[in-house]
Student: 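Take this structure, written in structure tokens, and hold onto it; I'll ask about it next.
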Number of protein chains: 2
Amino acid sequence: MSDKLTGAAREDALKPLLDNGWAVAEGREAITKSYKFKDFVEAFGFMTRAAMTAEKMDHHPEWSNTYNGVEVTLTSHDVEGLSPRDVKLAKAMDGFAE
Amino acid sequence: MSDKLTGAAREDALKPLLDNGWAVAEGREAITKSYKFKDFVEAFGFMTRAAMTAEKMDHHPEWSNTYNGVEVTLTSHDVEGLSPRDVKLAKAMDGFAE
């Protein structure tokens with residue numbers, strides 16, 4: 001049983017994320033967002049909080065960091081697309097970045 | 001006074017790093033290395049230790065993480081090339097990854 005998001009359920013799930021700075025990645029079933037923080041400590045603090053949540057969910061981001069910037073890509077390899085886990089992790093990350 | 005590494009000093013400084021999995025980046029004055037760990041917790045633990053050192057040095061990596069993998073790029077923007085700070089941070093990272 002796949003929980004891959006498709007059709008209207010996908011649209012409904014993504015809407016609040018797309019309204020909050022997330023975008024659907026080009027050429028793959030994934031969502032991405034670029035965060036900017038005050039400095040490296042703020043950026044890495046965000047990553048540390050997100051890392052704890054990701055590990056607890058057993059759902060991990062692809063992400064990169066350069067000084068105060070963090071680029072995040074979320075996808076669910078097990079369903080080869082987006083799942084509610086991506087939406088949940090995206091929302092948690094937005095909470096940590098506030 | 002730039003401390004940019006050039007000529008023989010650059011070669012001498014890079015030699016032990018190139019022997020230990022680092023490579024000179026293509027198309028830019030930077031060094032890169034791909035680390036692989038047992039799992040996400042080990043990978044992020046490594047990043048956390050490296051982040052502390054980077055912040056203390058005020059010299060920060062460009063890096064990305066996907067599950068148990070960490071890709072690191074080091075360069076010194078202030079000298080538009082490599083400096084002893086890159087060598088020092090690279091060696092510290094290798095120590096943390098052991």
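Proteins come first, then strands; the chains are lettered A, B, ... in the order of their sequence lines, and each starts at number 1.
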Student: How far does NE2 of H60(A) sit from CG of N68(B), to the nearest 0.5 angstrom?
Tutor: 10.0 Å
Student: For the atom pair CZ (F40(A)) and NE2 (H59(B)), what is the distance rounded to the nearest 0.5 Å?
Tutor: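 Taking CZ in F40(A) and NE2 in H59(B), the distance rounds to 11.5 Å.
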Student: If you count every heavy atom of other residues, nucleotides or ligands that lies below 6.0 Å from K88(B) atom NZ, does the total exceed 12?
Tutor: no
Student: Under 4.5 Å between side-chain heavy atoms, hopping through other hydrophobics if needed: is there a path connecting M47(B) to V41(B)?
Tutor: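 Looking at the clustering, V41(B) is in a separate group from M47(B).
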Student: Identify whether M57(B) and F96(B) are in the same connected component of the hydrophobic contact network (ILVMFWY, side-chain heavy atoms under 4.5 Å).
Tutor: yes
Student: Check for me, please, whether W22(B) and V24(B) land in the same ILVMFWY cluster - side-chain distances under 4.5 Å, paths through other members count.
Tutor: yes
Student: Contact part of M52(B) toward chain A, heavy-atom cut-off under 4.5 Å: side chain, backbone, both or neither?
Tutor: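 Neither part, no heavy atoms under 4.5 Å.
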Student: Rounded to the nearest 0.5 Å, how far apart are OG1 of T48(A) and CZ of F44(B)?
Tutor: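 One finds 4.0 Å between OG1 of T48(A) and CZ of F44(B).
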